[in-house]
Each structure stands twice: as structure tokens, then as C-alpha cells.
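Worksheet: the structure to be examined is printed underneath.
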Amino acid sequence: MKKLTLTEQLHQLISEESRIKAIHLEEFWSKNHEPQKLFKVNRIGEIKEIEITGSHVGYVFTDRNIWAPHYDKDKRPSKNLVVAYWEYVENIKTAEQIIYVDYRDMGSGSYKYTDIIKEPHFAFNEADLKEESERLKEIYAPKENHTACGYCGKQTPDDKVVTSTIIGRGRKEVWNSWKGRYENKSCTTQEPMKFCSGTCAGNEQMSREG
């Protein structure tokens with residue numbers, strides 16, 4: 001039998017990795033709802049459909065020495081790389097699986113399937129977000145004679161707004177007469193802001209100091 005080259009061994013391992021991942025995805029979706037649509041409600045209660053582009057599986061390893069090795073397709077693989085990839089492929093057979101749903105919105109990315117299930121801002125059915133949407137609209141959607149809190153965003157009646165000057169750090173252009181040019185220097189800033197309560201004003205101040 002012809003002995004495989006390191007490149008051939010690596011390609012064989014990559015194919016095996018793809019096969020195992022395909023099996024894991026198939027097994028998962030055979031037991032769970034495979035979504036065709038994904039909906040998300042934003043801070044002010046607006047519901048938006050997010051395009052689903054697919055799904056993939058990731059793994060959690062208890063051994064920190066196991067990882068998906070990086071390889072350069074344009075370079076001949078080393079023996080160490082092939083060994084590391086073999087160990088990785090062997091471990092994904094029994095490792096804890098994490099299923100990701102791939103999406104395209106403003107950009108592309110992935111959400112964990114478990115996060116979508118437990119997060120109240122996500123749903124595979126738009127109707128399931130109606131109650132959460134109404135709740136958020138009541139708290140955060142713009143209203144006449146109301147002002148959004150500068151910290152939590154809550155709509156607050158204008159006559160109950162708390163105004164506070166927040167002290168922070170910023171930058172400003174300062175003329176350096178010695179060097180004959182402007183320089184960007186740090187400075188203390190004072191910004192009047194409106195809040196729903198003194199608690200939120202204090203939280204905003206602490207966030208500027210942190």
C-alpha cells in the first residue's frame with residue numbers, strides 16, 4: 001500500500017472533520033427545530049427579520065491542548081501539524097457540541113442556538129415576540145412630552161427628568177506657542193445630561209470614571 005504524503009494525510013483528516021461535523025449537525029436537527037427564519041426585537045420594540053444563511057457546529061474541549069490547528073494551504077504541512085490535526089479530529093467525535101445559527105444582517109455572524117432559545121429578544125416565529133415588543137415599546141419607544149434617560153434609555157415624563165452634569169475625560173486641541181502648533185491634549189469634560197432618576201445619573205458618572 002502506498003504511503004500517504006503529509007499533504008494527503010492532512011486532506012484526509014480535513015475530509016474526516018467535515019464528515020463528522022455533518023453527522024453532528026444532522027443528528028442535532030433531527031431532534032430540534034431547524035429554523036428557516038429568525039426574528040429579533042430591538043430596544044424600542046421594533047421587530048426585524050434576520051436572514052439565516054446556514055448553521056455550523058463548534059466544540060468545547062476539556063483538554064486545553066486540543067484545538068483546531070491553523071494551516072496554510074500554500075505551504076507543505078509539517079508532521080507536527082498533521083499529528084495535531086489528527087488529535088483534533090479524534091476529539092471532536094466525543095467533545096461537547098455547540099450549534100451555531102449563521103445569519104446575515106448589517107454584516108454576517110453567528111448566534112448560539114441555545115442563546116436564541118433562551119433570549120426573550122429572539123424568536124423563530126415573529127408572533128412569539130409580540131408580547132416582548134409591546135413591553136419594550138411601553139418603556140423605551142419615543143413618546144410626546146417624554147425624554148429618553150441618558151443611561152438606561154427609559155422614556156421619562158419631562159416634568160420628572162433629573163438633570164445632572166457628568167464629569168469625564170476628553171480630548172481638545174491646545175495651542176503650543178513654544179512649538180508653534182496645536183496639540184491634542186487630554187482634558188476634563190462637563191456634560192449636562194438628562195436621566196430618569198438620580199440612580200441612573202450616578203451610574204453614568206461611575207461609568208465615566210471606570
Looking at every heavy atom in both A201 and I166, which two are closest together, and how far apart are they? O-CD1, 3.8 Å
Look at K179 together with E183 and state whether they make a salt bridge at an N to O cut-off of under 4.0 Å. yes
Assess the residue pair T163 and F195 against the criterion (side chain to side chain contact (heavy atoms under 4.5 Å, CB included)); give the C-alpha distance rounded to whole Å, side-chain angles, the decisive distance to 0.1 Å, and a yes or no. CA-CA 6 Å; T163 300; F195 301 95; over 6 Å; no
Under 3.5 Å donor-acceptor, S133 side chain and L129 backbone: no
How about CZ on F61, more than 12 heavy atoms from neighbouring residues, nucleotides or ligands closer than 6.0 Å, or not? yes
Linked, directly or transitively: V162 and Y140 (ILVMFWY side chains, under 4.5 Å): no
Any sub-3.5 Å donor-acceptor pair from N176's side-chain atoms to G180's backbone N or O? no
How long is the span from the CD atom in E34 to the CD1 atom in I99, to the nearest 0.5 Å? 10.0 Å
Out of curiosity, C196 SG to H146 NE2, how far, rounded to the nearest 0.5 Å? 11.5 Å
For the pair R135 and E138, evaluate salt bridge (charged side-chain N to carboxylate O under 4.0 Å, His left out) and give the outcome as yes or no after the intermediate values. CA-CA 5 Å; R135 185 187 74 82; E138 179 62 28; over 6 Å; no
For the aromatic rings, using the six-membered ring if either is Trp, is the centroid distance between Y59 and W67 under 6.0 Å? no
Value rounded to 0.5 Å, distance of CD in E126 from CG in L38: 11.5 Å
Please verify the inter-ring angle class for Y100 with H56; under 30° counts as parallel, over 60° as perpendicular, anything in between as tilted. parallel
Nearest-0.5 Å distance, CG of residue L81 to CG of residue L13: 9.0 Å
Side-chain H-bond candidate by donor/acceptor type, S110 with D102, under 3.5 Å: yes
Co-membership, hydrophobic cluster, residues I116 and L25, 4.5 Å side-chain: yes
Neighbour count >12 (heavy atoms, 6.0 Å) for atom CD, E119: yes
Are V41 and I139 linked, directly or through other ILVMFWY residues, by side chains that come within less than 4.5 angstrom of each other? yes
NE2/H70: more than 12 non-hydrogen atoms of other groups inside 6.0 Å: no
Distance-only polar pair, side chains of E209 and Q205, donor-acceptor under 3.5 Å: yes
Transitively linked via ILVMFWY side-chain contacts under 4.5 Å: Y88 with L4? no
Test log, rule side chain to side chain contact (heavy atoms under 4.5 Å, CB included), inputs L6 and L10: CA-CA 6 Å; L6 290 174; L10 180 60; over 6 Å; no
Are I66 and V57 linked, directly or through intermediate hydrophobic residues, by side-chain heavy-atom contacts shorter than 4.5 Å (ILVMFWY only)? yes
Nearest heavy-atom neighbours spanning H33 and Y113: O-OH, 3.3 Å
Report, as yes or no, whether the 6.0 Å neighbourhood of atom NZ on K143 holds more than 12 heavy atoms from other residues, nucleotides or ligands. yes
Does the side chain of R169 come within less than 4.5 Å of T188's, by heavy atoms? yes
Checking E17, H24, R19 against K21 for side-chain contact (heavy atoms from CB on, under 4.5 Å), the one that qualifies is E17
Atom CZ in R171, atom CG in N184: separation rounded to 0.5 Å? 4.5 Å
Sorted by chain and number, sequence neighbours left out, side chain to side chain donor-acceptor pair (under 3.5 Å) with T147 holds for D158
Could you state the interatomic distance from CG (D115) to NE2 (H121), rounded to the nearest 0.5 Å? 13.0 Å
Check: W29 and S55 side chains under 4.5 Å, non-hydrogen atoms: yes
Do S15 and Q12 have side-chain heavy atoms sitting under 4.5 Å apart? no
Give the intermediate values and the outcome of side chain to side chain contact (heavy atoms under 4.5 Å, CB included) for residues Y111 and Y103. CA-CA 8 Å; Y111 293 122; Y103 70 88; 3.5 Å; yes
May I have the step-by-step check of side chain to side chain contact (heavy atoms under 4.5 Å, CB included) for E16 and I14, ending in yes or no? CA-CA 5 Å; E16 178 67 2; I14 293 171; over 6 Å; no
Cut-off 3.5 Å, side chains only: do T7 and R76 have a donor facing an acceptor? no
Taking 4.0 angstrom as the limit, do R208 and E191 come out as a salt bridge? yes
D63 and N65 have their tightest heavy-atom pair at OD1-N, 2.8 Å
If you count heavy atoms of other groups shown closer than 6.0 angstrom to CZ of R104, is the number above 12? no
Would you call K130 and E134 a salt bridge, using N to O less than 4.0 angstrom? no
Y85 vs Y71 aromatic rings, parallel, tilted or perpendicular, using cut-offs 30° and 60°? perpendicular
In terms of heavy-atom contacts, does NZ of K93 have more than 12 from other residues, nucleotides or ligands at under 6.0 Å? yes
Check E87 against N91 and note the closest heavy-atom contact, atom names and distance. O-ND2, 2.7 Å
N-O pairing of D105 and K48 below 4.0 Å: yes
Please name the pair of heavy atoms, one in I92 and one in V89, separated by the smallest distance, quoted to 0.1 Å. CG1-O, 3.1 Å
